[in-house]
Number of protein chains: 4
Amino acid sequence: MTKRDENAKTTRRKLLDAADQLIVERGYENVFVEDITTASGVAKGTFYNYFPKKEDIIGELEREHFSQLNAQINEISDELTPAANISAYLANFMQITAAAGVERARGWIRFVAVPNSPDDKWTYDFGKVSELLTQLIQHGQLEKETPVEMIAQVLSMQLYGVIFSWVMNKSIDPQKAIQNFCATLVEPLIQPYITAV
Amino acid sequence: MTKRDENAKTTRRKLLDAADQLIVERGYENVFVEDITTASGVAKGTFYNYFPKKEDIIGELEREHFSQLNAQINEISDELTPAANISAYLANFMQITAAAGVERARGWIRFVAVPNSPDDKWTYDFGKVSELLTQLIQHGQLEKETPVEMIAQVLSMQLYGVIFSWVMNKSIDPQKAIQNFCATLVEPLIQPYITAV
Amino acid sequence: MTKRDENAKTTRRKLLDAADQLIVERGYENVFVEDITTASGVAKGTFYNYFPKKEDIIGELEREHFSQLNAQINEISDELTPAANISAYLANFMQITAAAGVERARGWIRFVAVPNSPDDKWTYDFGKVSELLTQLIQHGQLEKETPVEMIAQVLSMQLYGVIFSWVMNKSIDPQKAIQNFCATLVEPLIQPYITAV
Amino acid sequence: MTKRDENAKTTRRKLLDAADQLIVERGYENVFVEDITTASGVAKGTFYNYFPKKEDIIGELEREHFSQLNAQINEISDELTPAANISAYLANFMQITAAAGVERARGWIRFVAVPNSPDDKWTYDFGKVSELLTQLIQHGQLEKETPVEMIAQVLSMQLYGVIFSWVMNKSIDPQKAIQNFCATLVEPLIQPYITAV
DNA sequence: GATGAATGAGCGTTCATTCAT
DNA sequence: GATGAATGAACGCTCATTCAT
């Protein structure tokens, strides 16, 4: 990589980091392009060399953040019960989300809750949970007849419900909330489909 | 009520209705004060005779809308099981929400997901569900030791999760989703606290 | 007219006058909305109460200017020869144009020479000349078989050619140029169609 | 010519051709330096190795284009009448102009109709016509007393008037218009100065 | 000479809010 | 109370030009 490319990459990173930071602090609509460039130490116009529209940086930021969730491998452990595997996944998901901070969550929500939202995060997260369940079936922990879609929907909705509630009311602890859900309802939810040993 | 008061009330109503309509059509940020007054057939300045700030009309609209939910009396039926009572409440809540349309739901979400959201809808809805559970206890359907808060939280979060998922993905049917949840998880959730008959 | 209407009219006039003045001085693209409002002593936003887009004021200015030409009644004099009548019209047209100044002419040209020019000044001016010729026919000065369109075209084109040449080369005197044309070519142009006395 | 010189020449040509093409398509103000370089397959900065200012490429383009008109040798034919010689010149001029297309003509006009237009096309074209007339005098077709300047002015203005009218109203056929002028007015214009044979 | 990232002055436009009528 | 003209802070975005690589 040439020096030039490095510089460009650095500039891009600076913009992304500054935007991320500012959005967490103030919320997307209260961060202006000039704020971002000033914080990045570059000229206003430079922003547009990397992001054609202001909102494009949000998309990228979102993508970056989700990439952490993407990286979360569905490590199925045969040592654990299926309920424990699912709970581990949900807890991990929420741990990453909580670590990002409530402002970022708020940003996601507002970003997603626009007409014609550019990305379908729902589809993505729902797909990941479905995949987890499918793997549990492959591992022989759940029956083949398991209604994957129905269960994945309930789980995904609870995840979103927790996050959304947290955004509305900061005093909620999203990790505790999901633990609570796991402790009481994951087992009953999949109970009928657990393979007999 | 004098003629003047009546006129004023009418104007206020017209503004509210127009705003409601427009927001459903275009989403809150794409509706401007002038749009509302034009649609209402009044002058721009008139708006400010009724609502000091633009966002105030949103608050009022939200309040009006929720008043329908407010009106929903927790009619506990002793004929029904506690799970059926809860399910009836959730189904009713979602029925009213679905009837309002996905755009209105989107509006609420975006309205709520701002820093320092003016109203704590979460607290309100959570309180209503808690109240329902309390009544079930009073009716002797649930044990006095029932962890009201924990259960109310799970239920509320699921409600919000369904709504949020619906906003993200219109093809989801929120009423079916909540029915699904009711059918599988309400019973297990309260099972330990159902009073022996 | 209420005081309010008067004020509004005054504001509109101020904007138009300031724009007109500035455009003559600097040319359209070098005049910015803020220049116009500053010169008018009003706020920047006020401009947009009257002209949705910056370019709209140009259209209006153009229209105002042309209205002078519009007002020019084709006063046919039976005392004059048809050639003299035509020459009088052309001279009058050019006199008004010259009085407006070369910068304004330049502005018209640039305004008109855009893709999809909003107004068809050509059609208008050509129509006026055609009308003049038609009246000469009605007054019995020209034969009924006079090829009105052809002659009107030649005359209109010469008018435009003079103006355009003037814009390109300020040292040209448009009035002399049109007089020159009149003196040499109007007579031959219509000669074949002059009614025998 | 070294390889390097050749490459440079090629690059220059590519820039000129791309600019020419784009300007015809969109009009000068809607073509940006980056469009030109992209279309040429070179880097943005390369443009400035060849043209210090954006407008310089226009000047060059115009010059190139006019060079076709320049090349048009005033081939006086002794076999033709002076009116026919002049008409041939005008028709040829307009043929070349029409072939270039109305968008290019529009571009010239807008380019020329700026304050301090860089080139004096008028002077040039006027000079060419004057030269033609002078040659007719030298060939003995016109009297020595012929008012060259006056006639050249009328002819040039008609040429420009036709072009400008065409730009304003695409449905005009510039070649027919000039033919029309030639058929009716060239003869009368020079009649007094034709040498007796 | 070629490259393309960086620059930043500049401009049009928006829209909630005010206030004289 | 109704009106709607006036306000002006804000902001997104453009694009010719520069210059380090």
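Throughout, a chain's letter reflects where its sequence line sits, starting with A, and its residues are numbered from 1.
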_Distance-only donor-acceptor test (3.5 Å): side chain D:K44, base F:dT17_ =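 Flag set: donor-acceptor pair detected.
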*asked:* On the side chain of C:N49, is there an atom forming a donor-acceptor pair with the base of F:dA6 - under 3.5 Å, no angle test?
replied: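 Yes, the side chain and the base share a sub-3.5 Å donor-acceptor pair.
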*Report the base-pairing partner of E:dT21 (Watson-Crick or G-U wobble, both distances below 3.5 angstrom), or none.*
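Its partner is F:dA2.
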_Under-4.0 Å side-chain N/O to phosphate OP1/OP2 contact, B:K53 with E:dA16_ =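 No, no such contact exists.
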*Could you tell me whether the phosphate oxygens of F:dT3, OP1 or OP2, come under 4.0 Å of any side-chain nitrogen or oxygen in B:T46?*
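The answer is yes; a side-chain N or O of B:T46 sits under 4.0 Å from OP1 or OP2.
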Interatomic distance, [X] [atom1] vs [N] [atom2] [rounded to whole Å]:
{"X": "B:I57", "N": "E:dT17", "atom1": "CD1", "atom2": "C1'", "value": "15 Å"}
{"X": "C:F32", "N": "E:dT13", "atom1": "CZ", "atom2": "C1'", "value": "15 Å"}
{"X": "B:N30", "N": "E:dT14", "atom1": "CG", "atom2": "C1'", "value": "13 Å"}
{"X": "B:R12", "N": "F:dG1", "atom1": "CZ", "atom2": "P", "value": "12 Å"}
{"X": "C:Y50", "N": "F:dT7", "atom1": "OH", "atom2": "C1'", "value": "12 Å"}
{"X": "A:D56", "N": "F:dG12", "atom1": "CG", "atom2": "P", "value": "13 Å"}
{"X": "A:R4", "N": "F:dT21", "atom1": "CZ", "atom2": "P", "value": "9 Å"}
{"X": "A:Y48", "N": "E:dG4", "atom1": "OH", "atom2": "C1'", "value": "20 Å"}

Non-hydrogen side-chain atoms of [X] and [Y] separated by less than 4.5 Å:
{"X": "C:F51", "Y": "C:L16", "result": "yes"}
{"X": "C:R26", "Y": "C:D35", "result": "yes"}
{"X": "B:Y48", "Y": "B:K53", "result": "no"}

*Any Lys/Arg nitrogen of B:E60 or B:R12 sitting under 4.0 Å from an Asp/Glu carboxylate oxygen of the other?*
yes
*Indicate, with a heavy-atom threshold strictly under 4.0 Å, whether D:F47 touches base, sugar-phosphate, or nothing.*
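Nothing, no heavy atom under 4.0 Å.
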*asked:* Considering every strand and a 4.0 Å limit on heavy-atom distances, what is the contact class for B:F51: base, sugar-phosphate, or nothing?
replied: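 No contact.
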*Would you check if the side chain of A:T46 reaches a backbone N or O of A:V42 as a donor-acceptor pair within less than 3.5 Å?*
no
_Residue met sooner reading DNA chain F from 5', once D:E34 and C:V42 are mapped to nucleotides_ =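 By nearest-heavy-atom nucleotide position, the 5'-most residue is C:V42.
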*Residue mapping more 5' on DNA chain F - nearest nucleotide basis, B:G45 or A:N7*: B:G45
*Shortest side-chain distance from D:T11, nucleotide among F:dC15, E:dA2, F:dT7*: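 The closest nucleotide is E:dA2.
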*Proximity to the side chain of D:K54 - top-ranked nucleotide from E:dG12, F:dC13, F:dT17*: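 Taking heavy atoms from C-beta onward, the closest nucleotide is F:dT17.
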*Using the closest heavy atom to pick a nucleotide of DNA chain E for each, name whichever of C:V33 or B:V33 lands nearer the 5' end.*
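Result of the comparison: C:V33.
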